[in-house]
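Shown next, in structure tokens, is the structure this report addresses.
Throughout, numbering of the chain's residues begins at 1 and tracks the sequence.
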Amino acid sequence: MPADHDGSAAAEPPTRGTGGWWRRARPAVLLVLGGVSLYLLLPSLLSVFGSWRSLSHLDWPFAILAFACEIASYLCLWEVDRIVLGTRAWLTVAAAQLSGFAAAHVLPGGGATSTAVTASVLRKAGVADTGQIVTALGAASILQMATTFSLPVLALPAILGGATINHSLEDAAYLGAAVLVALLAAGTAAFVGDTPVELAGRAIQWLINATIRRHKHVTDIPQRLLVDRDFVRSTAGRHWKTTLSAAVGNTVFDYLALLAALHAVGADPRPSLVVLAYVAGELLALLPFTPGGLGFVEAGLVGTLTIAGVPSGDALAATLFYRIVAYWLPLLAGSVAYLLFRHRYGSSHAQS
């Protein structure tokens, strides 16, 4: 899943004052919460994994298309990281990202562990120093999160008019192309002007203040979004157009991989509602209680796909196949990449 996709989430800011006890206790607390979460989500996980027999009846052209879309998504992701890092070392960037992805889903610490492992690999390969790497990956993470969570807003007209939308793959392709263009247009507007960012910030701020009870209303979201935008723009430099295009491609191709997975198991969903299922899965993947949102993502995807009109059996099989393509195979590849990288570089600071 793209929210977890890059292994380049910015490291967590240090806590101050009396927060030291929380830093020491946090891993144990998360471990306990993770165990409880997996126990509660075990029936959903078993249902998803129990649908493996359905994969023997995959429509292989669509299955291959799902693999191809996920590979394209990762290539776009590596292009984003490559640009913000200012390097041409494709293989090194790919190995670092996959290693960080694997570490975040095996070791405790989530995004912070991922960033540390990714930065270590890149530093040992001579790409840059740790500070530059963390800054660059933080900018990439912000951009990827922004494109992912802009997806349902820009697809809203199709979602609201979904009753008249045919379920054919041709219409799905049209929707994907329309969302791609909309994301590029919105991203370009956000990069070149302050007004779109401020309007988005005010909308988010109103929504938070209207739906979440708090003693004091939030008032600084537009300013914080502008700071993040300026940070990403300055990090990408003159290559911001290519960076934006790659970030959008990362999100759209991953969404298309889910759509192809659904068609591969014989489902015929409304593509506009699959957007909501996809973004729900991305949100659930951010939960720190289990690696990569394991259990949460499966349960959430099955539930939202069912709401989108996918039969429960197809929803289970499609979720399993999509998670194999987007989660388990990259996890395996990341583990192999890290071992190969350590074999090549060891503890030395070799240059790529």
Among the clusters formed by ILVMFWY side chains lying less than 4.5 Å apart, do [X] and [Y] turn up in the same one?
X: Val248; Y: Val279; answer: yes
X: Leu77; Y: Ile71; answer: yes
X: Val227; Y: Ile221; answer: no
X: Leu262; Y: Ile64; answer: no
X: Leu85; Y: Trp90; answer: yes

If we ignore hydrogens and angles and just use 3.5 Å, is the side chain of [X] paired with the main-chain N or O of [Y] as donor and acceptor?
X: Ser120; Y: Ala116; answer: no
X: Ser335; Y: Leu331; answer: yes
X: Ser99; Y: Ala95; answer: yes
X: Asn250; Y: Ser73; answer: yes
X: Thr147; Y: Gln144; answer: yes

How far does [atom1] of [X] sit from [atom2] of [Y], to the nearest 0.5 angstrom?
X: Met145; Y: Asp228; atom1: CE; atom2: CG; value: 11.0 Å
X: Leu305; Y: Tyr278; atom1: CG; atom2: OH; value: 13.0 Å
X: Leu143; Y: Trp240; atom1: CG; atom2: CH2; value: 11.0 Å
X: Ile324; Y: Leu332; atom1: CD1; atom2: CG; value: 12.0 Å
X: Asp81; Y: Thr243; atom1: CG; atom2: OG1; value: 10.0 Å
X: Arg123; Y: Gln132; atom1: CZ; atom2: CD; value: 12.5 Å

Task: Under the salt bridge (charged side-chain N to carboxylate O under 4.0 Å, His left out) test, residues paired with Asp129 that sit two or more places apart - done: none
Anything under 3.5 Å between a donor and an acceptor, one on a side chain of residues 182-202, the other on a protein residue two or more places apart or in another chain? List them.
| from | atom 1 | to | atom 2 | distance (Å) |
| --- | --- | --- | --- | --- |
| Thr188 | OG1 | Leu184 | O | 2.8 |
| Asp194 | OD1 | Arg229 | NH1 | 3.4 |
| Asp194 | OD1 | Arg229 | NH2 | 2.5 |

TODO: Step by step, work out the side-chain contact (heavy atoms from CB on, under 4.5 Å) result for Leu258 and Leu301.
DONE: CA-CA 10 Å; Leu258 174 60; Leu301 267 180; 4.2 Å; yes
Task: Heavy atoms of other groups near Trp206 CH2, more than 12 under 6.0 Å - done: no
Check [X] against [Y] and note the closest heavy-atom contact, atom names and distance.
X: Thr118; Y: Gly100; answer: OG1-CA, 3.3 Å
X: Ala247; Y: Val80; answer: N-CG2, 3.4 Å
X: Val325; Y: Ala66; answer: CG1-O, 4.0 Å
X: Ala326; Y: Pro330; answer: O-CG, 3.5 Å
X: Ala267; Y: Val310; answer: CB-CG1, 3.9 Å
X: His239; Y: Ile83; answer: CB-CG2, 3.6 Å

Open item on the list: Using the rule given for side-chain contact (heavy atoms from CB on, under 4.5 Å), can you reason through Val274 versus Tyr255, listing the C-alpha separation, both sets of side-chain angles and the distance that settles it, and then say yes or no?
Closed with: CA-CA 8 Å; Val274 177; Tyr255 158 71; 3.9 Å; yes
- [ ] Could you tell me whether the side chains of Asp254 and Tyr322 share a donor-acceptor contact shorter than 3.5 Å?
- [x]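 Indeed, the side chains of Asp254 and Tyr322 share at least one donor-acceptor pair under 3.5 Å.
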- [ ] Please report the C-alpha distance between Ser234 and Asp230 in whole Å, then the side-chain angles of each, then the deciding distance to 0.1 Å, and finally whether the side-chain contact (heavy atoms from CB on, under 4.5 Å) criterion is met.
- [x] CA-CA 6 Å; Ser234 63; Asp230 292 341; 5.9 Å; no
Open item on the list: What verdict does the side-chain contact (heavy atoms from CB on, under 4.5 Å) test give for Thr135 and Phe231, after you've listed the backbone C-alpha separation in whole Å, the side-chain angles of each residue and the deciding distance to 0.1 Å?
Closed with: CA-CA 9 Å; Thr135 297; Phe231 171 53; 3.4 Å; yes
Would you say the side chain of [Y] lies within less than 4.5 Å of the side chain of [X], judging by non-hydrogen atoms?
X: Thr87; Y: Thr92; answer: no
X: Leu98; Y: Tyr74; answer: yes
X: Ile204; Y: Leu225; answer: yes

Task: Pairs where residues 310-321 contributes a residue and the test side chain to side chain donor-acceptor pair (under 3.5 Å) is met, not counting sequence neighbours - done: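 Matches after skipping sequence neighbours: none remain.
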Open item on the list: Applying side-chain hydrogen bond (donor to acceptor under 3.5 Å, both in side chains), can you list everything that pairs with Glu79, at least two apart in sequence or on another chain?
Closed with: Arg82
Task: side-chain contact (heavy atoms from CB on, under 4.5 Å) involving His217 - partner list, sequence neighbours excluded - done: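 Partners of His217 by the side-chain contact (heavy atoms from CB on, under 4.5 Å) criterion, ordered by chain and then number, come out as Asn209.
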Task: ring-ring contact (aromatic ring centres under 6.0 Å, His included) involving Phe67 - partner list, sequence neighbours excluded - done: Phe321
